[in-house]
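Structure first, then comments.
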Amino acid sequence: MYKKTSFARLRDLPPANSDKRKDFLLYKKVHLRLTLLCTGITVVIMVIMSFCYLYVSEKGLYRNQFQAFRNDINTISTNLEQQSVISMEWLSKMEAQGNYLFFVLDNGTPFLFNQLNNSGSQAQRNFLFQESQEAYAALHDVSSSVLHGTSGTLTHTEYEFTSPSMDTNYFAAKIVTGKNDSILEITVLTSMRNLEAQINAQRVRFLLIDLAAVAALTVFSWMFTGRLLKPIIETQKKQALFIASASHELRTPLAVILSAAECCKQAPAEKKGNFINIICQEGMRVSSLVDDMLILSQSDNHQFPIRKGATELDTLLMNAYEAFGSLTQEKSISLSIQLPDEALPPCSADPERISQVISILLHNAISYTPTYGKITLALSRIKEKFLITVTDNGIGIPDAEKEKIFDRFYRAEKSRSGKDHFGLGLSIAYEIVKAHGGSISVQDAQGGGSCFTVILQTVPPYT
Ligand code: ADP
């Protein structure tokens, strides 16, 4: 079965300053840019989403913590209301329970508890005492109205407080209550360190996840864009090769035409005819080459005109058999045809194009079969498939060449081919058969020579 030959692997670095090296470097540059673009866009989206998530999550954490603090202050306030006397034991217990710091003012005078409480070092106590005073002062500035408690009433307010001296954040609450003709002002403080540690840990976790995702995305994008670019690069290489081969093939007949025209100018009248014949012949060659190239270019651009209709393949084969009869006779080659006995259903195909394929195969068979050789044109049907075979007992095709002969401008051995062989016939046949949803392949014929098989569907996948 025919398979397209693959190009040299892009990983193999071509020699410096060569065109291939430049192409390779260009490919790498484009590959890198595409990778960066893909990764960049995805990373930006991922980072924005991470930030959004972190923002919402941190706000939620803060809200929950503040709500928990409020609930605790509510409980403390309720406890306070139920007690007629505030004892130091009670204050100590409350502090220890909620990891709080209390600062109590009794009618504006610091409560003895503030000095007596001895948990932690003295320096720590002094510091916390100072913080409590600052928190007290802060709220005094902000909403002094809530501080005017009177006997029998209790007010409390919660707020966030940042110590200006230590730059530490706290949840703070001010409870004001009137008891036994004295006004108690209690400042409750709890550090937001735990919350901040939790938020920081979450940020670090997200940073690590994002970094891992960036690494994975870069690798994925590199592989993905590499796969994406490969067919484009290969097509570009094929086109470059096609143009180079076409120019090469055109150069010879054009050179002959120019030199014949030059000779014709100086030749005597009776010899001019020879040169004009040469010019006509070479002109025809150029014209046929240009026609072939046009067909292939149309096929590449998906503009290959295929006009399908109900086609009787046996009639096409008979026509070809008759058309090539004289050519085979000239070379003393025997041409035979084998058609199935039963009537075949029509095939949905473009009769002109299929005739073109049969002509290419017959033309090749005649070209590569020596005098007194034998060529057989046959049609058969196996299940849902039509098989057209062209078998000759000519020079045959070595196994190593069997795949390559369908490539454009490929000739198995240039010396074996005549002047009219550009190496485009089989690539045109391949494109036509492909456009019909069929396949074309070559095998060795029994007893030597080649056997080309074209398979067409009786009920094609297209309509
Ligand atoms: P060309 O115009 O050179 O025949 P093709 O594309 O038709 O171009 O064929 C490509 C090459 O395949 C030929 O150059 C020839 O070497 C080989 N080839 C094709 N048909 C035959 C055949 N029937 N027998 C031997 N070699 C063949």
Side-chain angles (χ1 to χ4, degrees), residues 1-5 238 241-242 244-246 248-253 281-282 284-297 299-300 304 317 320-321 324 327-328 331-337 353-378 387-435 439-454:
M1 186 56 67
Y2 168 62
K3 241 175 70 196
K4 287 272 172 195
T5 48
K238 277 182 190 174
L241 190 72
F242 182 71
S245 308
H248 179 77
E249 294 296 338
L250 281 169
R251 204 182 299 139
T252 317
Q281 270 174 16
E282 294 302 313
M284 301 263 277
R285 283 191 67 212
V286 173
S287 163
S288 111
L289 177 59
V290 170
D291 283 348
D292 286 354
M293 291 194 316
L294 211 63
I295 290 177
L296 289 170
S297 141
S299 160
D300 289 345
F304 203 41
L317 260 72
Y321 172 73
F324 277 83
L327 206 61
T328 45
K331 258 189 105 176
S332 304
I333 290 173
S334 99
L335 176 65
S336 59
I337 184 164
R353 295 291 178 198
I354 298 300
S355 294
Q356 195 177 356
V357 173
I358 298 169
S359 296
I360 290 169
L361 297 180
L362 278 176
H363 204 272
N364 277 348
I366 294 167
S367 302
Y368 301 109
T369 302
T371 320
Y372 306 118
K374 197 173 164 235
I375 297 172
T376 310
L377 180 61
L387 270 72
I388 301 171
T389 54
V390 178
T391 314
D392 64 60
N393 64 349
I395 57 175
I397 301 165
D399 285 345
E401 310 280 327
K402 282 192 174 80
E403 284 191 357
K404 297 179 194 160
I405 55 169
F406 294 93
D407 283 343
R408 293 168 189 192
F409 292 107
Y410 187 84
R411 280 170 282 178
E413 263 179 58
K414 294 200 175 163
S415 55
R416 306 194 308 179
S417 317
K419 259 173 60 170
D420 291 333
H421 292 270
F422 299 108
L424 288 181
L426 287 179
S427 46
I428 291 174
Y430 171 81
E431 296 297 343
I432 293 173
V433 174
K434 192 174 84 174
S439 67
I440 180 167
S441 59
V442 63
Q443 298 89 32
D444 289 331
Q446 270 185 350
S450 322
C451 173
F452 283 86
T453 308
V454 173

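Whatever order the structure lists them in is the order used to number ligands and atoms, beginning at 1.
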Is there a polar contact, in the sense of an N or O pair closer than 3.5 Å, between D392 and ligand 1?
yes
With a cut-off of 4.0 Å, which atoms of ligand 1 are near a heavy atom of G425?
5 (P), 6 (O), 7 (O), 8 (O)
Which ligand 1 atoms are under 4.0 Å away from a heavy-atom of G396?
25 (C)
Quick note on ligand 1: atoms under 4.0 Å from a heavy atom of L424 include exactly 6 (O), 8 (O)
side-chain contact (heavy atoms from CB on, under 4.5 Å), that's the test. Do N364 and V390 meet it? Break it down for me.
CA-CA 10 Å; N364 277 348; V390 178; over 6 Å; no
Which distance, rounded to the nearest 0.5 Å, do you find between the CG of L241 and the NE2 of H248?
11.5 Å
Is a donor on one side and an acceptor on the other found under 3.5 Å between the side chain of K331 and the backbone of G373?
no
Nearest heavy atom to atom 8 (O) of ligand 1: which of G423, S450, P398 does it belong to?
G423
Within 4.0 Å of some non-hydrogen atom of R411, the atoms of ligand 1 are 3 (O), 14 (O)
Would you check whether I397 has a nitrogen or oxygen atom less than 3.5 angstrom from a nitrogen or oxygen atom of ligand 1?
no
I405 heavy atoms within 4.0 Å reach ligand 1 at atoms 6 (O), 10 (C), 11 (C), 12 (O), 17 (C)
Checking F304 now: which residues fulfil ring-ring contact (aromatic ring centres under 6.0 Å, His included) with it, not counting sequence neighbours?
none
Any sub-3.5 Å donor-acceptor pair from D392's side-chain atoms to I375's backbone N or O?
no
One finds that the ligand 1 atoms under 4.0 Å from a non-hydrogen atom of Y410 are 10 (C), 11 (C)
Which heavy atom in T369 sits nearest to a heavy atom in K374, and how many Å separate them?
CG2-N, 4.0 Å
Location of contacts on F406 toward ligand 1, heavy atoms closer than 4.0 Å:
neither
For the pair F324 and H363, name the ring-plane relationship: parallel under 30°, tilted 30 to 60°, perpendicular over 60°.
perpendicular
Sub-4.0 Å atoms of ligand 1 with respect to non-hydrogen atoms of F422
2 (O)
Does an N or O from S427, backbone or side chain, lie closer than 3.5 Å to an N or O of ligand 1?
no
Has the side chain of S299 got a donor or acceptor atom that lies under 3.5 Å from a matching backbone atom of I295?
no
Taking only residues two or more places apart in sequence, or in another chain, which ones meet K434 in a salt bridge (charged side-chain N to carboxylate O under 4.0 Å, His left out)?
E431
Before signing off on this row, confirm whether I395 and ligand 1 have an N or O atom pair separated by under 3.5 Å.
no
